[in-house]
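Treat the numbers as computed from the prediction; the structure is a model and nothing was measured.
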There are 2 protein chains.
Amino acid sequence: MASMTSMDGPVYREIARSITQRLELGAWKPGEAIPSETRLKEEFGVAIGTVRKAVDELVAQGILLRQQGRGTFVATHNRERQLFRYFHIERQDGYKEYPEVKLTGFERIRLGREAADKLALHEGDRAVRLRNTLSLEGRAMMIEDITLPEALFPRMTEKKLRERPNTLYKLYQDDYRISVVRTAQRLSAGVAPRDVARLLDLPAGLPVLVIRRVAYAYHDKPVEFRVSYVDTRAHDYVGDTHR
Amino acid sequence: MASMTSMDGPVYREIARSITQRLELGAWKPGEAIPSETRLKEEFGVAIGTVRKAVDELVAQGILLRQQGRGTFVATHNRERQLFRYFHIERQDGYKEYPEVKLTGFERIRLGREAADKLALHEGDRAVRLRNTLSLEGRAMMIEDITLPEALFPRMTEKKLRERPNTLYKLYQDDYRISVVRTAQRLSAGVAPRDVARLLDLPAGLPVLVIRRVAYAYHDKPVEFRVSYVDTRAHDYVGDTHR
DNA sequence: CCCAATTTGTTCGTATGTATA
DNA sequence: TTATACATACGAACAAATTGG
């Protein structure tokens, strides 16, 4: 049997934990298949139903993905997932579209109090601050100010960000072995800072939707803090509850 | 075997559908137990594992609730659920509290275009419009304008609303056999209408968070449309993504 | 306090179906 | 066609929680 940190609880949960750990250590990369259920059942020395129940949990959490006849795969952060799994922007008439994302800011900073708090780090720790401008139909309608701690994202460069072919979360996965599994967000209405208002072409004083989001990797480790400003004159921030 | 609309697909899904239908017809009321798995297995003439898989689905959807040693129960809309399952308001420092809800408006109206659209009904259909004022620590910080179509909520009265001991959703369940299972919401930032601003004690022009929410019952039937205005000077609208 | 019955939870093992390469 | 992988369904045994006597 493969070594498991033998905590309490049912076997299938131990197996789920074990798989998550190996995932975290990079045993299988995003997009790759994990061993088949028959293999896992032998590795862990349990019945196949027990393996299935473990995998079920990780699938429900969005960490793994099954495909009948092919295998079980490590989830990737492609655009589809971005659009459907998490909250997203939609035109008020319901029309959906991928926003065009442009990097419009990059600097090295020290963590402020809020960011340090959300990232479970310390004030003054080194970090990278980047700004994305998201456009729909050629009009900027969302600004994202993203804070990435140096400790987790060493040697992050503007070039790397500019040349990424996919989503940001995919870059985290591919280059830093960091998989965002969950996000938590707090929403409020506010007035955009002057520079943001200018980028959004907003008349002074017009309200924007402010989103403060923390992204978490495996084991609820916070990895990214993001403040977004949305021009909601023509677009809404859309989300479902209960799945 | 109990009669099932014999569509295609796996047996366990048929069973899940069948249970949902009987739930919808009021076979078991919210809070009550449904038949035990052994009973269901006999009723449907399948293995117990198949019943369990069906129930698993409904549990995942938040429709049923299992309790080891006791039984499987129809989910109710108590305050706990309200606070944790759906989006909710939280003080910016993270402090959670049940808001005090007060009915501050009641009138009979005709559906406007937006409400009719969201409720899959027709403009001009009869409805009830009610207004809730939510307060935290004695200060009003959220106004909810709720539209309930007459067709689904016949003979709704102000008295009934004022005297409800529980949440609104619980009233829907108990008095109208309507169980809200899912909600979809669109968020934006805006300026509160004059009357709302007055209720929230908001200086003119200050932004509020505007939430347009549609609540759905079984089979994705829309039953309630709600527009909420949140004073986010000291509170946030909080939600999780993943699962 | 303990016992017995009931109910869900976990685990085992097997057989067969369906999708993919 | 064949082999592989996940999906469905069956059945059984025991564990754990709850309830009522």
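A 6.0 Å sphere centred on NZ of Lys221(A) holds no more than 12 heavy atoms belonging to other residues, nucleotides or ligands.
Using a 4.5 Å heavy-atom cutoff, the side chains of Asn132(A) and Leu103(A) are in contact. Counting heavy atoms from C-beta on, the side chains of Lys102(B) and Ser135(B) never come closer than 4.5 Å. Leu23(B) places a side-chain heavy atom less than 4.5 Å from the side chain of Tyr218(B). At least one side-chain heavy atom of Thr183(B) sits less than 4.5 Å from a side-chain heavy atom of Tyr169(B). Using a 4.5 Å cut-off on side-chain heavy atoms (C-beta onward), Glu43(B) and Pro35(B) make contact. Side-chain contact between Glu224(B) and Ile146(B) is present, with at least one heavy-atom pair separated by less than 4.5 Å. Residues Arg91(B) and Glu97(B) have side chains not in contact (no heavy-atom distance under 4.5 Å, counting atoms from C-beta outward).
Listed by chain and number, the residues in a salt bridge (Lys or Arg N to Asp or Glu O under 4.0 Å) with Glu32(A) amount to none (sequence neighbours excluded).
For Glu32(A) and dA5(D), the CD to P distance is 16 Å, given to the nearest whole Å. Counting to the nearest Å, the P atom of dA7(D) and the CZ atom of Arg13(B) are 12 Å from each other. Between the CZ atom of Phe44(B) and the C1' atom of dC10(D) there is a distance of 17 Å, rounded to whole Å.
Listed by first then second residue, pairs satisfying salt bridge (charged side-chain N to carboxylate O under 4.0 Å, His left out) with a partner in residues 59-72 of chain A read Glu37(A)-Arg66(A), Asp56(A)-Arg66(A), not counting sequence neighbours.
Residues from residues 49-57 of chain A with heavy atoms under 4.0 angstrom of DNA chain C, sorted by number: Thr50(A), Lys53(A).
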| field | nucleotides 12-21 of chain D: protein proximity per nucleotide (B base, S sugar-phosphate only, - neither; heavy atom, under 4.0 Å) | value | ----BBBS--
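A donor-acceptor contact shorter than 3.5 Å links the side chain of Thr20(A) to the backbone of Ala16(A).
Contacts between chain A and DNA chain C, taken as any atom within less than 4.0 angstrom of a protein heavy atom, begin and end at dT10(C) to dA21(C).
Counted by atom type alone, Tyr95(B) and Glu137(B) present zero donor-acceptor pairs between their side chains at under 3.5 Å.
Across the helix from dC2(C)-dG21(D) to dA21(C)-dT2(D), the helix axis at one end is tilted relative to the axis at the other end by 10° (nearest 10 degrees, each axis from five pairs).
Between Arg39(A) and Glu42(A) there is no salt bridge, since no side-chain nitrogen of the basic residue lies less than 4.0 Å from a carboxylate oxygen of the acidic one.
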